[in-house]
Amino acid sequence: MIASIQGTVAALAPDAAVIEVGGFGVSVQCGPGTLAALRVGETARLATSLVVREESLTLHGFADDDERQTFELLQTASGVGPRLAQAMLAVHAPDALRAAVATGDEKALTAVPGIGRKGAQKLLLELKDRLGAPTGGQVRAPAAARGPAPWQEQLHGALVGLGYAPREADEAVTAVTPRAEEEQAAGRTPETGVLLRAALQSLGRPR
C-alpha cells in the first residue's frame, strides 16, 4: 500500500493533482479542500490510499493521515465507494463526521451530495461502531490561499469541480462571504477549506 507521497506539484485539475516523484508524474485524486492548499511548482506531501479495482488502480490523496483513515473506514459501509467517501470528507472534517455519527445527526449526512434521508439513516447505523468517538481536537484546515487568485475564485472553482452549476457555486460563495469578511476584518486570511465546507452545507440545506 502507498501510504503517502511527497514531491513537486506538476499540475492541478478540478479533482486531481500530478505529483512528480523520482522523474515520474503520479496522478492523485483529491478533494477540493486538499487541492486548494497545493501550488504548482511547490513541494507537497499527501497521505494516500490506493483503491484497487479490476480495471484500474487509483491513488487518492489527503491533507493528513486522519483524513485518509476516515476515507478508508467510510468505505466499510455498504454502498459507500471512494467517490462518496471523498464527497463526505469534502463537506465534513473527520472529527465532524465522527461527531455526526456518534450523535445520530442525520441532517449532517444529508448535507453531502448523493446522500438522502434513508441513506443517512443506514450510514448512521453501519458506521456507529467503526469511526470511533470524536477527538474534540482542533480541525486542521487546508492552508489559506496564496498568490494572485482570490479566495472567491478558488472556492467557485472547487464547487464547479464537485459538479455544481456555476449559478449554484455563485450562490454558495455569496452565502459564505459574510464569514470571510469577518475573518478579514479580524486580520486573518479566509481559509478556503473551512469556507468550502460552509458553502457545501449551504447548498445542502432545503430551500
Side-chain angles (χ1 to χ4, degrees), residues 1-6 15-17 19 28-38 44-53 57-144 158-159 162-163 176 179 191-205:
M1 176 181 174
I2 302 174
S4 66
I5 186 171
Q6 181 170 328
D15 61 352
I19 309 295
V28 187
Q29 297 290 307
C30 303
T34 300
L35 289 170
L38 303 179
R45 179 193 180 279
L46 298 175
T48 57
S49 178
L50 181 64
V51 175
V52 180
R53 294 287 184 267
L57 298 173
T58 306
L59 196 62
H60 292 261
F62 308 92
D64 54 37
D65 292 333
D66 191 19
E67 283 194 3
R68 182 198 67 206
Q69 291 166 3
T70 304
F71 171 78
E72 294 171 350
L73 286 171
L74 289 172
Q75 292 178 77
T76 64
S78 59
V80 178
R83 185 181 297 273
L84 183 55
Q86 201 145 45
M88 293 172 75
L89 285 167
V91 178
H92 300 295
D95 212 45
L97 281 172
R98 288 190 284 266
V101 172
T103 59
D105 188 352
E106 181 181 311
K107 185 177 179 181
L109 294 188
T110 57
V112 178
I115 299 181
R117 183 179 178 183
K118 290 184 178 179
Q121 292 172 343
K122 184 178 179 182
L123 286 173
L124 289 173
L125 288 173
E126 290 196 30
L127 295 172
K128 187 175 181 180
D129 299 321
R130 302 182 190 181
L131 289 187
T135 64
Q138 186 176 8
V139 176
R140 188 178 73 82
L159 290 165
L162 277 174
V176 302
R179 180 170 181 170
E191 295 184 344
T192 307
V194 174
L195 293 174
L196 176 62
R197 290 190 176 101
L200 288 168
Q201 288 169 348
S202 76
L203 286 167
R205 293 186 184 123

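Along the sequence shown, the residues carry numbers beginning at 1. No hydrogens, no waters, no symmetry mates; every other heavy atom, side chains included, goes into these values.
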### Message
Is any side-chain heavy atom of V112 closer than 4.5 Å to one of L200?
### Response
no
## Note on the structure
Nearest heavy-atom approach of A17 to L38 is CB-CD1, 3.8 Å
### Task
For D95 and P134, work out which heavy atoms get closest and say how close.
OD1-CA, 3.2 Å
### Query
When rounded to the nearest 0.5 angstrom, what distance separates CD in E67 from CG in L74?
11.0 Å
### Query
So T70 and F62, side-chain contact (heavy atoms from CB on, under 4.5 Å) or not? Walk me through it.
CA-CA 10 Å; T70 304; F62 308 92; over 6 Å; no
### Task
Provide the closest heavy-atom pair for V91 versus P113 in the form atom of the first, atom of the second, distance.
CG2-CD, 4.0 Å
### Message
Holding to side-chain contact (heavy atoms from CB on, under 4.5 Å), I want the full list of residues that pass it with T103, two or more places apart in sequence or in another chain.
### Response
D105
### Smallest separation among heavy atoms of A47 and D65, with atom names
CB-OD1, 3.4 Å
### Task
Any chance you could measure L162, atom CG, to Q86, atom CD, to the nearest 0.5 Å?
9.0 Å
### Task
Could you list all the ring pair (Phe, Tyr, Trp, His ring centres under 6.0 Å) pairs where at least one residue sits in residues 72-115, not counting sequence neighbours?
none
## Note on the structure
Shortest non-hydrogen pair, A100 vs L124, comes out as O-CD2, 3.8 Å
### Query
Taking only residues two or more places apart in sequence, or in another chain, which ones meet E72 in a side-chain hydrogen bond (donor to acceptor under 3.5 Å, both in side chains)?
S49
### Summary
CG (D64) and OG (S4) are apart, to the nearest 0.5 Å, by 12.5 Å
### Task
With sequence neighbours excluded, give me every side chain to side chain donor-acceptor pair (under 3.5 Å) pair touching residues 109-119.
E106-R117
### Task
For D66, check salt bridge (Lys or Arg N to Asp or Glu O under 4.0 Å) against everything at least two apart and list the hits.
R98
Side-chain donor-acceptor pairs under 3.5 Å in residues 75-83, sequence neighbours left out?
residue: Q75; atom: NE2; partner: F71; partner atom: O; Å: 3.2
residue: T76; atom: OG1; partner: L73; partner atom: O; Å: 2.6
residue: T76; atom: OG1; partner: R130; partner atom: NH1; Å: 3.2
residue: S78; atom: OG; partner: K122; partner atom: NZ; Å: 3.3
residue: S78; atom: OG; partner: E126; partner atom: OE1; Å: 3.3
residue: S78; atom: OG; partner: E126; partner atom: OE2; Å: 2.6

### Task
Give a yes or no answer on whether the side chain of T48 reaches the backbone of I2 with a donor-acceptor pair at less than 3.5 Å.
yes
### Query
Just how far is it from atom CG of L97 to atom CG of L131, taken to the nearest 0.5 Å?
7.0 Å
### Message
List the residues meeting side-chain contact (heavy atoms from CB on, under 4.5 Å) with L125, not counting sequence neighbours, and say none if there are none.
### Response
none
### Summary
Rounded to the nearest 0.5 Å, the CG atom of L89 sits from the NE2 atom of H60 at a distance of 11.5 Å
### Task
Take R179 and V194 through the test side-chain contact (heavy atoms from CB on, under 4.5 Å) and record every step on the way to the result.
CA-CA 10 Å; R179 180 170 181 170; V194 174; 3.1 Å; yes
### Shortest non-hydrogen contact between Q6 and I19, atoms and distance
C-CG2, 4.2 Å
### Message
D15: which residues meet the salt bridge (Lys or Arg N to Asp or Glu O under 4.0 Å) condition with it, sequence neighbours left out?
### Response
none
